[in-house]
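Contents: one structure, followed by commentary.
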Amino acid sequence: MEKIFANLKLTMESGQPPHFLWHQKDGRYSRKIGGQLITLREEGGRVRASAGHEKHAAELLRSCDDLQEIYATISTDATIKRAISRYSGMRLTKNDEWETTVAFLCSQNSNLKRIRANVQGMLGNDGMVLSAQALAKTNLRKLNLGYREPYLKGTAAMVAGGEFDFAGVKKLNYADAREELQELPGVGPKVADCILLYGFGRLEAFPNDVWIGRAMSKWYGVSSPKKVEAFVQRRWGPLAGYAQQYLFALARDEISRQRP
DNA sequence: AGCCAGGACCACC
DNA sequence: GGTGGTCATGGC
């Protein structure tokens, strides 16, 4: 397989699921999946995977996405051009749906470091996030998830009990899938968009968190979530998720914590 | 020390 | 259908 063009560090440490699931050491990224250790490394802008794991890497890094073409399409203004220039090579990732759901159930009103610790505390011996069945009967109190614990328990119970079907979500269009995911306790619009973007590969999803809120307000003059939705869909449409990832990175680097 | 965090939920308007 | 208060706890 041909190597994948990417800035691996930006990709793996950009607040996407790999940020919570993979370990970095000496510039290499690794994790255990099904008992196997998978390792990724970057050589001159190209990513190489450990032997036998090329296919997994290609899927994770969405190797079919042509970044140059995407950049050309979403370069609508100076702000996003600056983000693309600064974070060139950052790719969206395609992750396991359940792992993505668990990670972003932990994410609300939290921070990247804490989310990572929470997710790491819910891994099984095979290195993967505990299944819904296992999670439903695991005591999570030592993880100090706060008010998120009942969300995780409730969602795990629904999935384990067959009350919620991820396979069914896959067949729905974006708007319906977004509504359906919000049937899960602890899943609102933002988390639903994260699950759709990082777990289901729906590139039109645009997770609107506090940083994106600041970015959209400061750089595009739109504030309310509804107006942001409309603006984003009109401007970036089917590639809104890529625009979001780059604006999120730029916002965290350029906007101070104190809102003006 | 005190404010903030990749928000969701509920009551109330 | 929109808005404000509340939620548990770690980071910085």
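The sequence lines fix the lettering, A, B, ..., with proteins before strands; numbering per chain opens at 1. Every value quoted in this text rests on a predicted model; they were computed, and no experiment measured them.
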Can you tell whether the side chains of [X] and [Y] come within less than 4.0 Å, N to carboxylate O?
X: A/Glu42; Y: A/Lys3; value: no
X: A/Glu229; Y: A/Lys227; value: no
X: A/Arg116; Y: A/Glu13; value: no

inquiry  = Once side-chain hydrogen bond (donor to acceptor under 3.5 Å, both in side chains) is applied, do any residues pair with A/Asp77, and if so which ones, sequence neighbours excluded?
reply    = A/Tyr220, A/Arg235

note = By side-chain hydrogen bond (donor to acceptor under 3.5 Å, both in side chains), A/Asp65 pairs with (sequence neighbours left out) A/Arg62, A/Tyr242

ask   = Can you find a side chain N or O atom of A/Arg214 that sits less than 4.0 Å from OP1 or OP2 on B/dA5?
value = yes

Value in whole Å for how far the [atom2] atom of [N] lies from [atom1] of [X]:
X: A/Leu145; N: C/dG10; atom1: CG; atom2: P; answer: 10 Å
X: A/Asn208; N: B/dG7; atom1: CG; atom2: C1'; answer: 11 Å
X: A/Leu181; N: B/dA8; atom1: CG; atom2: P; answer: 12 Å
X: A/Arg178; N: B/dG7; atom1: CZ; atom2: C1'; answer: 13 Å
X: A/Arg148; N: B/dC9; atom1: CZ; atom2: P; answer: 13 Å
X: A/Leu152; N: C/dA8; atom1: CG; atom2: P; answer: 16 Å
X: A/Leu112; N: B/dC4; atom1: CG; atom2: P; answer: 18 Å
X: A/Phe104; N: B/dA8; atom1: CZ; atom2: C1'; answer: 15 Å

message = For A/Asn111 and A/Pro185, find the nucleotide of DNA chain B closest to each by heavy atoms; which residue's nucleotide sits nearer the 5' end?
response = A/Asn111

ask   = Considering heavy-atom distances to DNA chain B, does A/Gln182 or A/Arg114 have its closest nucleotide positioned more toward the 5' end?
value = A/Arg114

key: Listed partners of A/Ser85 passing side chain to side chain contact (heavy atoms under 4.5 Å, CB included), at least two apart   = none

request  = Using side chain to side chain contact (heavy atoms under 4.5 Å, CB included) as the criterion, list what pairs up with A/Asp26, not counting sequence neighbours.
outcome  = none

ask   = For the side-chain contact (heavy atoms from CB on, under 4.5 Å) test, which of A/Gln245, A/Arg91, A/Lys9 pairs with A/Ser14?
value = A/Gln245

key: side-chain contact (heavy atoms from CB on, under 4.5 Å) partner of A/Tyr87, the single match among A/Asn7, A/Leu250, A/Leu247   = A/Leu250

query = Got a sec? Which of residues 228-240 of chain A come in under 4.0 Å of DNA chain B, heavy atoms?
reply = none

task = For DNA chain B, determine which residues of residues 186-200 of chain A have any heavy atom closer than 4.0 angstrom to one of its atoms, and list them numerically.
result = A/Gly186, A/Val187, A/Gly188, A/Pro189, A/Lys190, A/Val191, A/Tyr198

Dump every N/O contact between nucleotides 1-7 of chain C and the protein below 3.5 Å, one line per pair.
| unit_1 | atom_1 | unit_2 | atom_2 | d |
| --- | --- | --- | --- | --- |
| C/dG2 | OP2 | A/Lys226 | NZ | 2.9 |

request  = Could you tell me which residues satisfy salt bridge (charged side-chain N to carboxylate O under 4.0 Å, His left out) with A/Glu97, sequence neighbours excluded, listed by chain and number?
outcome  = A/Lys170

message = Holding to salt bridge (charged side-chain N to carboxylate O under 4.0 Å, His left out), I want the full list of residues that pass it with A/Lys113, two or more places apart in sequence or in another chain.
response = none

key: Pairwise P distance for C/dA8 and B/dA1, with rounding to whole Å   = 23 Å

query = Distance between the P atoms of C/dC12 and B/dG7, in whole angstroms?
reply = 16 Å

ask   = Which residues in residues 85-97 of chain A have at least one heavy atom lying under 4.0 Å from any atom of DNA chain C?
value = none

remark   = For residues 152-165 of chain A, the side-chain hydrogen bond (donor to acceptor under 3.5 Å, both in side chains) pairs (sequence neighbours left out) are none

In a table with atom names and distances, give each donor-acceptor pair under 3.5 Å that connects a side chain of residues 185-195 of chain A to protein atoms at least two apart or in another chain.
| unit_1 | atom_1 | unit_2 | atom_2 | d |
| --- | --- | --- | --- | --- |
| A/Asp193 | OD1 | A/Tyr174 | OH | 2.6 |
| A/Asp193 | OD1 | A/Arg178 | NE | 3.1 |
| A/Asp193 | OD2 | A/Arg178 | NE | 3.1 |
| A/Asp193 | OD2 | A/Arg178 | NH2 | 3.2 |

request  = Verify side chain to side chain donor-acceptor pair (under 3.5 Å) between A/Ser131 and A/Trp98, making sure each step is shown before the conclusion.
outcome  = CA-CA 8 Å; A/Ser131 69; A/Trp98 176 246; over 6 Å; no

